[in-house]
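Take this structure, written in structure tokens, and hold onto it; I'll ask about it next.
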Amino acid sequence: QQQVKQSPQSLIVQKGGISIINCAYENTAFDYFPWYQQFPGKGPALLIAIRPDVSEKKEGRFTISFNKSAKQFSLHIMDSQPGDSATYFCAASIGGGSEKLVFGKGMKLTVNP
Amino acid sequence: EAQVTQNPRYLITVTGKKLTVTCSQNMNHEYMSWYRQDPGLGLRQIYYSMNVEVTDKGDVPEGYKVSRKEKRNFPLILESPSPNQTSLYFCASSFGRQGGTGELFFGEGSRLTVL
């Protein structure tokens with residue numbers, strides 16, 4: 001049973017556009033929600049993370065929105081750039097850390113110039 | 001440079017031939033983990049280790065073994081590889097319960113093909 005559902009599976013946007021990736025979770029015990037970014041041939045790397053005591057967190061062009069009642073969280077990439085083209089994974093865990101981090105299936109983002 | 005190092009990066013082997021993928025981290029992390037990445041399935045946890053001599057199964061442990069004899073090393077062992085273990089494998093580490101931000105640091109991956 002998949003604990004973190006991510007959508008869409010792929011997305012193509014134009015340079016300067018907004019990219020939105022959605023994730024839904026089932027386990028209400030999850031209390032840490034990171035997003036990881038993976039470039040081809042590389043391992044995933046932490047992009048941004050949120051804990052459920054806040055509804056939004058922004059770092060530069062990247063924003064996480066969190067809706068606890070709907071058990072959903074999303075990543076917004078503003079002013080998308082070709083360099084943002086990568087695979088994005090949402091994830092969730094219990095205990096506020098990285099132990100037994102459960103990942104979504106990933107979304108491949110392509111930003112056209 | 002802080003990093004997680006995996007070897008080999010690429011390997012083609014045959015069914016039943018035992019192999020080990022090594023993983024080493026230089027960040028004094030307590031927690032280490034192995035994931036496999038398959039198209040359409042994302043990242044799935046194989047095994048993890050909270051500390052030296054402490055290991056536990058993840059979501060897909062069948063066909064794999066691990067050991068944690070030293071804090072920095074966490075090898076993944078395939079005793080009798082089968083074609084369904086053809087995958088991209090990632091080792092990862094973090095401070096775990098030592099504190100820190102919860103960030104998981106990944107190696108660059110090991111692409112394994114079992115014929």
- prompt: In terms of heavy-atom proximity below 4.5 Å to chain A, should Arg44(B) be classed as side chain, backbone, both, or neither?
  reply: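 Neither part.
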- request: To the nearest 0.5 angstrom, please state how far the CZ atom of Phe106(B) sits from the CD atom of Gln38(A).
  value: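 Nearest 0.5 Å value for the CZ-CD distance: 8.5 Å.
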field: Interchain contact, Tyr35(B) with chain A, by part (heavy-atom threshold 4.5 Å)
entry: side chain
- prompt: Any chain of hydrophobic side-chain contacts (each under 4.5 Å) joining Ile77(A) to Phe66(A)?
  reply: yes
message: Need one label for Pro44(A): side chain, backbone, both or neither, based on atoms under 4.5 Å from any heavy atom in chain B.
response: both
message: With chain A as the partner, which of Gly107(B), Gly42(B), Ala92(B), Gly109(B) has the greatest number of non-hydrogen pairs under 4.5 Å?
response: Gly42(B)
Step-by-step side chain to side chain contact (heavy atoms under 4.5 Å, CB included) determination, Gln37(B) to Phe103(A): CA-CA 10 Å; Gln37(B) 183 176 7; Phe103(A) 286 87; over 6 Å; no
- prompt: Can you get from Met32(B) to Tyr89(B) by hopping between Ile, Leu, Val, Met, Phe, Trp and Tyr side chains that sit under 4.5 Å apart?
  reply: yes
- request: Using the rule that two of Ile, Leu, Val, Met, Phe, Trp, Tyr join whenever any of their side-chain heavy atoms come within less than 4.5 Å, decide whether Leu112(B) and Val4(B) are in one cluster.
  value: no
message: Are Ile50(A) and Ile94(A) connected into the same hydrophobic cluster when the rule is that any two of I, L, V, M, F, W, Y join if their side-chain heavy atoms are below 4.5 Å apart?
response: yes
Same cluster (ILVMFWY, side-chain, under 4.5 Å), Tyr25(A) and Ile48(A): yes
query: Tyr36(A) and Leu104(B): side chain to side chain contact (heavy atoms under 4.5 Å, CB included), yes or no, with the steps?
result: CA-CA 9 Å; Tyr36(A) 280 77; Leu104(B) 201 55; 3.1 Å; yes
- prompt: Crowded around Gln9(A) CD? As in, over 12 foreign heavy atoms under 6.0 Å?
  reply: no
message: Rounded at 0.5 Å granularity, tell me how far CG in Asp59(B) sits from CD in Gln3(A).
response: 7.0 Å
field: Distance (rounded to the nearest 0.5 Å) between Lys57(B) NZ and Lys100(A) NZ
entry: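 So the gap between those two atoms works out to 11.5 Å.
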- prompt: For Ile12(B), does the CD1 atom have more than 12 heavy-atom neighbours from other residues, nucleotides or ligands under 6.0 Å away?
  reply: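 Counting neighbours around CD1 of Ile12(B), 12 or fewer heavy atoms of other residues, nucleotides or ligands fall under 6.0 Å, so no.
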field: Region of Glu108(B) in contact with chain A, defined by heavy-atom distances below 4.5 Å
entry: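 For Glu108(B), heavy atoms of backbone and side chain both lie under 4.5 Å from chain A.
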